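The structure under discussion appears below in the form of structure tokens.
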Amino acid sequence: MKNIIIILMVSFLGFSVNAQEAKKNKNAKYAIDVNGNCEQCQKRIQKAALGVLGVKSATWSIETHQLNLILNEEKTGVLDVKKAIAKVGHDTDAVKATDKDYDNLHSCCKYER
């Protein structure tokens with residue numbers, strides 16, 4: 001009888017942990033570093049981030065090179081945003097822009113790689 005109670009308790013705890021992991025934040029906040037130089041970069045980075053379904057807010061700082069995001073984790077993840085930003089020519093910590101995408105940047109937007 002004691003063993004059955006212990007098994008039921010362990011099972012219940014396992015289900016509780018899985019249920020908590022499955023819940024995703026609809027207003028998750030992230031700050032990621034994105035390489036860039038100027039206001040053109042700012043517009044391009046923010047536009048790329050906002051183009052990802054589920055991104056609610058994207059603000060990139062020219063001074064700090066930090067992109068502050070608010071996104072719905074039920075619809076997207078940070079990696080999807082980083083991939084979108086890399087496609088427009090800007091490197092992030094996890095996803096680097098291809099040489100072709102980087103070369104398409106305006107000369108003033110080419111940051112040191």
Side-chain angles (χ1 to χ4, degrees):
M1 184 68 175
K2 206 181 223 186
N3 288 340
I4 294 173
I5 293 172
I6 291 173
I7 290 171
L8 289 173
M9 287 177 50
V10 170
S11 298
F12 178 73
L13 289 174
F15 290 128
S16 295
V17 171
N18 286 337
Q20 289 175 357
E21 288 178 23
K23 187 173 182 176
K24 302 208 176 192
N25 191 342
K26 291 185 179 183
N27 290 303
K29 294 180 182 180
Y30 293 94
I32 59 174
D33 290 326
V34 180
N35 290 328
N37 295 325
C38 63
E39 289 180 13
Q40 285 183 32
C41 296
Q42 184 180 48
K43 289 177 186 174
R44 186 180 312 106
I45 291 165
Q46 291 175 176
K47 183 177 179 181
L50 290 168
V52 177
L53 182 68
V55 174
K56 296 179 176 185
S57 172
T59 307
W60 184 75
S61 168
I62 296 169
E63 292 80 26
T64 65
H65 293 193
Q66 195 167 66
L67 177 66
N68 292 307
L69 293 170
I70 298 175
L71 57 87
N72 182 342
E73 291 178 323
E74 292 178 351
K75 295 182 180 181
T76 193
V78 174
L79 186 58
D80 294 328
V81 177
K82 290 178 179 182
K83 288 177 183 177
I85 291 168
K87 283 185 181 182
V88 296
H90 295 274
D91 292 344
T92 67
D93 58 345
V95 183
K96 304 295 181 206
T98 64
D99 289 338
K100 182 181 176 186
D101 290 333
Y102 175 79
D103 291 340
N104 285 334
L105 292 175
H106 188 270
S107 60
C108 75
C109 296
K110 293 191 177 180
Y111 47 89
E112 199 170 315
R113 292 185 101 180

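This is a predicted model, so every value here is computed, not measured.
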query: What are the two closest non-hydrogen atoms of Leu105 and Cys109, and how far apart are they?
result: CD1-O, 3.9 Å
message: Holding to side-chain contact (heavy atoms from CB on, under 4.5 Å), I want the full list of residues that pass it with Gln42, two or more places apart in sequence or in another chain.
response: Glu39, Gln46, Trp60, Ile62
With Gln66 via side-chain contact (heavy atoms from CB on, under 4.5 Å) - residues at least two apart: Ala31, Asp33, Thr64, Asn68
message: Could you see if Tyr102 belongs to whatever hydrophobic cluster contains Val34? Use Ile, Leu, Val, Met, Phe, Trp, Tyr and a side-chain cutoff under 4.5 Å.
response: no
field: Asn27: partners by side chain to side chain donor-acceptor pair (under 3.5 Å), with sequence neighbours left out
entry: Lys56
Would you give me the side-chain donor-acceptor pairs under 3.5 Å for residues 77-90, sequence neighbours excluded?
from: Asp80; atom 1: OD2; to: Thr76; atom 2: OG1; distance (Å): 3.1
from: Asp80; atom 1: OD2; to: Gly77; atom 2: N; distance (Å): 3.4
from: Lys82; atom 1: NZ; to: Asp93; atom 2: OD1; distance (Å): 2.7
from: Lys82; atom 1: NZ; to: Asp93; atom 2: OD2; distance (Å): 3.4
from: His90; atom 1: ND1; to: Asn35; atom 2: O; distance (Å): 2.7
from: His90; atom 1: NE2; to: Arg44; atom 2: NH1; distance (Å): 2.9

task: Would you name the heavy atoms of Leu69 and Ala58 that are closest together and state the gap between them?
output: CD2-CB, 3.8 Å
query: Within a strict 4.5 Å, meaning less than it, do heavy atoms of the Leu67 and Thr59 side chains meet?
result: no
- line: So the side-chain hydrogen bond (donor to acceptor under 3.5 Å, both in side chains) pairs with at least one residue in residues 104-113 (sequence neighbours excluded) are Asp91-Tyr111, Asp91-Arg113, Asp99-Arg113
message: Tell me every residue that passes side chain to side chain donor-acceptor pair (under 3.5 Å) with Glu73, counting only those two or more places apart in sequence or in another chain.
response: Tyr30
field: Distance in Å, Ile45 CD1 paired with Gln40 CD, rounded so as to fall on 0.5 Å steps
entry: 11.5 Å
